[in-house]
Every structure is written in C-alpha cells, then in structure tokens.
Amino acid sequence: MPELPEVEVVRAGLAPAVDGARVVGVEVLDGRALKRHVPIVGDDGRGGHGVTLTSEAAAIRAADFERRLTGVVLGAPARRGKFMWIPVVSAGEATHLALLAHLGMSGQMLLRAHEAADDRHVRIRIWIDNPEHGELRLDFADQRLFGSLALDELVATDDGAPGGFVGNGLLRGAGEASAGGAGVAPALIPAQASHIARDPLDPEFNDARWAERLRSRGTGVKALLLDQSLVSGIGNIYADEALWRARLHPETPGRAVGPRKVRELLGHVREVLGQALSEGGTSFDEQYVNVNGQAGYFAHSLNAYGRGGEACPRCGAEISRIPFGGRSSHFCPKCQRQR
DNA sequence: AGCTACACCTGATAGC
DNA sequence: TGCTATCAGGTGTAGC
C-alpha cells in the first residue's frame, strides 16, 4: 500500500509528537509485527521475511523490543523511500539506535490519546510522553502483517550524505526544502534500510547514475521502477501513473528507452510523487491513513492505476489491465505502445 | 548477476 | 447461508 507519498505524510505527522518524547511504555500484542527486529539476547537466529516465527521466537523478540525501547527519548523521524525511522537520542545526542518502521501493504502509525480505544489490527502500542504535547499513544496497526517495527542499528551512509529526509514539515517535491525548515539529517541510516537506493525526491539522488543503470537492463521498465535498489519509494500505483504520463509501455526493456525518454520518465516520477504528496497520498479504503486516521485524496487523480476497462483520460482508448508479478499493471494500449 | 516464483498474512468481494 | 477463489498499496530469499 503505502508508497513514498503516503509514508512521508505519516513521517511528517509523527514528527511533532515523537521528537523529544520519552517512551514510557511498550506493549507488543502480536510478535509477528517484529519481523525485522533482531533481539540482542536470546537471538533465535531467524530473521527476515518468508520465515514463520515460532511463538517462542516471537515472544523473545517482543520481550527484547519492549525492554530496550522503554525509557528512551526519541528524535526527529527520517525517511528514505518507504522506510521510516525515529532515532533514539540520549541527552539530545543521537545514539547508534533507531526505531525502524516499514508499513508493508497495510501498516499504519496512529497517534491517539493515551487512554483512547484501540483501532482495528493494532499490533504494537507505544506510550510516549512529549514535554509539549503531553501523553500520547503511538499505535502500529497492520492488517496483513507485511509491515514491521524494529530496533535497528544506525550505520554510516556509504556516500557520507544524509541518510534520509528529515523535516519539520511535509516534503514538498523534487529536492525542495521542507515546509517547516529542514532539519539537519545525519549521514546515518538503519542497517536494514541501507541496501535501498535514495529516492527520487532526495537531493542526493544521482539522476545520471540511475539512467545508466536502467538503460543497461533488459527487464521491463516497470519492474525497474519497482526495484528499490535502483530507486526507492515507487510502488505499483506510482509506477503505473509515471509510465502513463511518460507514454511508456510497462514491459518496454530498460535498454530500449532512449536517454531523453529516461530523463523525461524521472521527471514524471517526481511530478506524480509530488502531486500525490500535496493531496495527502492515495487511499482506496481504510488501509492507508495518516497518523490521525484520515484518508488522502490522490485516488481521484489517478489516470491508469485501478482503471482497467475505463477510458484513457488522454485518448479515450480502453485502459488495459494485465498480470504483473502476482498483481496487475494498468496502462493505455494506445498511448503507451510497446517499443 | 539477473530474473522468476513464492512465501509471508488478513479480509473484502464475487461467484457458485 | 456458506463455501471457494481471487485480489490487494511490499519485500526478501531460494533457485534457475
């Protein structure tokens, strides 16, 4: 579900509540929401996805997560692509630890009053005390459990540039400063997010390098947009939308896209991400919501995604829907010709 | 190295 | 009503 714009809406919403707040309590209701959390003591040696946690292993993780997170002070949340993290600070100084969050397909970070009733699918509750805003509850809810929280080690970025976006307001668009004044992002990134590329709205994103890598591959351009090691933050919705804007067929091999067209595609990616951001992200149902549980409006602005069988807003031809890696690609067969 | 298939989950909806 | 199949915004890993 949540792609870059949705995760950024959540990150920005979390910032005023968590920055400077102390964790006063942690309760793991479902240990499966800690898939990425590796306990220090009693490590079961089983990590990552595609591995079913035994209930014993899940209990070890839960206990470790609760023990180590309780009592810490949190800093300003950061984001790269679809990964988000909140650094653990001590006496105002960053430590080597961060609370890492990935929302997967259905994850939500909800800010609620301390004693508010639970939302559906809450897996982890974190009680925080903010010096300015008082006591709040940060709930991680996730229907499908593809998302997770973890305590993860912060490592140096390989290029020495900031690890991700940190700002007091919502990121506005390609390489722009935040609305509320940019925070100083340290050159650190959680180890588990360090393998993904920078996202297209990161000022340090290397356009030429990306273009070169994309044009060296025989894979379809949609699969390349979704490859988080080439460019992060793009998912099924915005891949389809960017390709529609660029008039590119999703199965066009990377090496068949000319240099000019590749630059154009990147421009469309930035444009669609920026527009979605300004409209609060894309919500089809209750699955994607901001920290207050509210939906975004960008679903009204989609041209291709989810519109199979409808008329192309540009040429009127019928939008096609074809299988793609266990889900679907949506495109206009007339304006997005295979080349 | 690059690519595909699949595993990890729950729930909504459609069709019988 | 109740069963089964299909679909959903993501990612990591096994295996060819």
Side-chain angles (χ1 to χ4, degrees), chain A residues 1-10 29-36 38 46-54 57-58 80-84 100-109 119-123 140-148 150 190-197 199 213-242 251 253-255 272-273 276-277 280-290 295-299 301-302 304-308 321-330:
Chain A
M1 144 239 146
E3 306 182 30
L4 188 155
E6 293 77 31
V7 180
E8 173 58 17
V9 167
V10 172
L29 305 176
D30 191 329
R32 294 174 300 175
L34 291 173
K35 237 180 286 198
R36 289 181 172 82
V38 182
R46 305 176 66 180
H49 284 246
V51 180
T52 305
L53 251 63
T54 63
R80 175 188 292 201
K82 305 172 199 171
F83 279 91
M84 177 169 54
L100 178 69
H102 196 293
L103 302 179
M105 294 279 264
S106 51
Q108 305 173 337
M109 293 286 246
D119 296 87
R120 285 188 86 184
H121 309 303
V122 171
R123 312 294 187 181
F140 177 71
D142 189 4
Q143 181 208 116
R144 294 181 70 186
L145 287 159
F146 291 170
S148 62
Q192 296 199 50
S194 62
H195 65 293
I196 69 164
D199 62 61
R213 293 179 74 184
L214 183 138
R215 297 203 343 105
S216 72
R217 303 277 293 271
T219 313
V221 67
K222 174 164 175 179
L224 296 172
L225 283 179
L226 295 178
D227 184 341
Q228 305 293 300
S229 71
L230 295 178
V231 56
S232 64
I234 305 167
N236 211 30
I237 297 177
Y238 300 113
D240 281 358
E241 290 301 303
E251 290 167 341
R255 56 170 129 264
V272 74
L273 293 178
L277 206 41
T282 301
S283 310
F284 300 124
D285 46 36
E286 300 307 304
Q287 295 291 30
Y288 163 70
V289 291
N290 67 12
Y297 294 101
F298 197 69
S301 307
L302 297 174
Y305 184 86
R307 301 208 180 279
R321 176 177 171 218
I322 62 170
F324 173 83
R327 10 189 124 66
S328 303
S329 283
H330 314 77

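Treat the numbers as computed from the prediction; the structure is a model and nothing was measured.
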Criterion ring-ring contact (aromatic ring centres under 6.0 Å, His included) on A:F284 and A:Y305, from CA distance to verdict: CA-CA 11 Å; A:F284 300 124; A:Y305 184 86; 5.7 Å; yes

Would you mind telling me which residue lines up with the more 5' stretch of DNA chain B, A:S216 or A:G325, judged by nearest nucleotide? A:S216

Using whole Å, report how far CD of A:Q192 lies from C1' of C:dT13. 14 Å

Atom-to-atom span, NZ of A:K35 to P of C:dT11 - whole angstrom: 12 Å

When the distance from OH of A:Y288 to C1' of B:dA12 is rounded to whole Å, what number comes out? 21 Å

Hey, is A:F146 doing a stacking thing with B:dC8, by the 5.5 Å centroid and 30° angle criteria? yes

Decide yes or no for A:N236 and A:K222: does some side-chain heavy atom of the first lie under 4.5 Å from some side-chain heavy atom of the second? yes

What is the nucleic acid contact for A:S328, judged by heavy atoms within less than 4.0 Å: base, sugar-phosphate only, or nothing? sugar-phosphate

When we call it a touch if two heavy atoms are under 4.0 Å apart, what does A:F83 touch: a base, just sugar-phosphate, or nothing? sugar-phosphate

Expressed in angstrom and rounded to an integer, what is the separation of A:N236 atom CG from C:dA8 atom P? 8 Å

Measure the distance from CE on A:M105 to P on B:dG11 and round it to the nearest whole Å. 15 Å

Has A:R120 got a side-chain N or O lying under 4.0 Å from the OP1 or OP2 atom of B:dT10? no

Think A:R144 has a side-chain N or O under 4.0 angstrom from the OP1 or OP2 of B:dA12? no

Expressed in angstrom and rounded to an integer, what is the separation of A:L224 atom CG from B:dA1 atom P? 17 Å

Could you measure between the two P atoms, the one in B:dA1 and the one in C:dT11, and give it in whole Å? 22 Å

Quick check: on DNA chain B, is the nucleotide nearest A:R255 upstream (toward 5') of the one nearest A:H121, or the reverse? Name the residue that is more 5'. A:R255

Is it the case that the side chain of A:R255 and the backbone of A:S216 share a donor-acceptor pair, with hydrogens and angles ignored and the cut-off at 3.5 Å? yes

Give a yes/no answer on whether the side chain of A:R36 brings an N or O atom under 4.0 Å of OP1 or OP2 in C:dT11. no

Using only side-chain N and O atoms of A:T219, determine if any of them is under 4.0 Å from OP1 or OP2 of B:dG2. no

Round to the nearest Å and state the distance from A:R321 atom CZ to C:dC7 atom P. 6 Å

Taking the six-membered ring for Trp, are A:H195 and A:F83 parallel (under 30°), tilted (30 to 60°) or perpendicular (over 60°)? perpendicular

Has the side chain of A:E3 got a donor or acceptor atom that lies under 3.5 Å from a matching backbone atom of A:K82? no

Assign each of A:Q143 and A:H195 the nucleotide of DNA chain C bearing its closest heavy atom; nearer the 5' end lies the nucleotide of A:Q143

Output yes when at least one side-chain N/O atom of A:S106 is less than 4.0 Å from OP1 or OP2 of B:dT10, else no. no

In this structure, how many angstroms lie between the P atom of B:dG11 and the CD atom of A:Q108, rounded? 13 Å

Look at all strands and tell whether A:Y305 reaches a base, only sugar-phosphate, or nothing, counting heavy atoms closer than 4.0 Å. sugar-phosphate

Mate of B:dC6 where both pairing distances stay under 3.5 Å, Watson-Crick or G-U: C:dG12

A:V9 backbone acceptor or donor facing A:N290 side chain under 3.5 Å: no

